[in-house]
Structure formats: C-alpha cells, structure tokens
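On a predicted model such as this, the values are computed, not experimentally measured, just so you know. One is the number of the first residue; the rest follow in order along the sequence. All values below come from the heavy atoms of this structure, side chains included, with hydrogens, waters and symmetry mates left out.
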Amino acid sequence: MSGMKKALIACRTGMGSSMMLKIKVDQVVKANQFPLEVQHSTLDDVKSFKGDLLITMSDVADELKGQVPYVIGIKNLMDKKEIESKLKEFFDNKA
C-alpha cells in the first residue's frame, strides 16, 4: 500500500452531520490503521480539494462523481461497518 492518502469529509447540510461522520471515519481509520489523513469542510471546498478521496452522504456523492478522484457515499453515518467496508474498497482499489 502506498503512502498516506488525504480524505475530505463534507456534506450539504453544514457542519453537524459531516462532523459526526468525521468522528466515525476517524474511529474506523484508527481501528483499521488506514493510512488516511481526514479533513472536514463544506461542499464549497470540494472544488479546491487536492486529495484522494471525498467522503460524503450518498445523495451528495451521486452529484459529485466525476468532480473528484474518488467518492464514497455513506447512507447511514452511524454505521461504522458501512464506512469500514467502503474505505477498505477504496484502499483495495488504490493498492
């Protein structure tokens, strides 16, 4: 697996749900020791984001496909299993 990857967590509704998602993603990253540096921002910053991965809610992910290198859409931000499996898939594809 190559070096540290950068992820941006953003969602349409502002800071509440994306902050919650960041906490969950951080827990999953730590538990699995994924080489991922996670930032948290608004959707406005997606255009200027230069990292590897955008993590957002699934409805937003569909709109952003093609604008960023890789998008993970999360249906249930409380579901760490979903986050974990989608992050594993990302790292499997990037390995």
Side-chain angles (χ1 to χ4, degrees):
M1 200 183 292
S2 56
M4 190 59 91
K5 302 282 186 200
K6 279 193 158 76
L8 179 69
I9 295 179
C11 61
R12 198 192 329 256
T13 49
M15 292 304 173
S17 50
S18 58
M19 197 66 225
M20 183 65 71
L21 185 54
K22 181 179 188 314
I23 291 165
K24 295 293 176 194
V25 168
D26 282 340
Q27 290 170 347
V28 170
V29 165
K30 197 172 173 185
N32 291 275
Q33 298 183 316
F34 289 134
L36 192 65
E37 184 186 303
V38 181
Q39 299 167 282
H40 162 251
S41 193
T42 62
L43 281 178
D44 295 339
D45 291 333
V46 168
K47 289 173 190 65
S48 60
F49 176 61
K50 298 286 182 259
D52 306 283
L53 171 64
L54 174 69
I55 304 172
T56 187
M57 303 311 289
S58 49
D59 61 323
V60 181
D62 294 337
E63 290 171 28
L64 293 174
K65 279 195 169 73
Q67 291 183 40
V68 288
Y70 197 100
V71 183
I72 290 178
I74 302 295
K75 290 184 183 71
N76 176 0
L77 59 83
M78 301 310 283
D79 183 0
K80 287 203 273 192
K81 288 257 179 288
E82 179 189 1
I83 296 168
E84 183 179 323
S85 72
K86 289 180 174 173
L87 281 174
K88 278 193 171 129
E89 199 176 294
F90 166 73
F91 281 106
D92 288 347
N93 288 334
K94 296 293 176 191

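Applying the salt bridge (charged side-chain N to carboxylate O under 4.0 Å, His left out) test to pairs two or more places apart or on separate chains, those with a residue in residues 21-33 are K22-D26. Annotation: salt bridge (charged side-chain N to carboxylate O under 4.0 Å, His left out) contacts involving residues 40-55, sequence neighbours excluded, are absent. Screening residues 41-66 for ring pair (Phe, Tyr, Trp, His ring centres under 6.0 Å) gives no qualifying pairs among residues at least two apart or on separate chains. Residue pairs meeting the side-chain hydrogen bond (donor to acceptor under 3.5 Å, both in side chains) criterion with at least one member in residues 64-81, sequence neighbours excluded: Q27-K80, Y70-N93.
Clustering ILVMFWY residues whenever any of their side-chain heavy atoms sit less than 4.5 angstrom apart, transitively, puts L54 in a cluster other than the one holding I23.
To the nearest 0.5 angstrom, C11 atom SG is 11.0 Å from M19 atom CE. Note that the CD1 atom of I72 and the CD1 atom of I55 stand 5.0 Å from one another [nearest 0.5 Å]. Here the OG atom belonging to S18 is positioned 13.0 Å from the CD1 atom belonging to I74, to the nearest 0.5 angstrom.
Closest approach of L77 to I83, counting heavy atoms only: O-CD1, 4.0 Å.
Evaluation of the side-chain contact (heavy atoms from CB on, under 4.5 Å) rule for V60 yields R12, L43, T56, L64 as partners, not counting sequence neighbours.
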For residues 31-39, tabulate all N or O donor-acceptor pairs below 3.5 Å that involve a side-chain atom, not counting sequence neighbours.
residue: N32; atom: ND2; partner: V28; partner atom: O; Å: 2.8

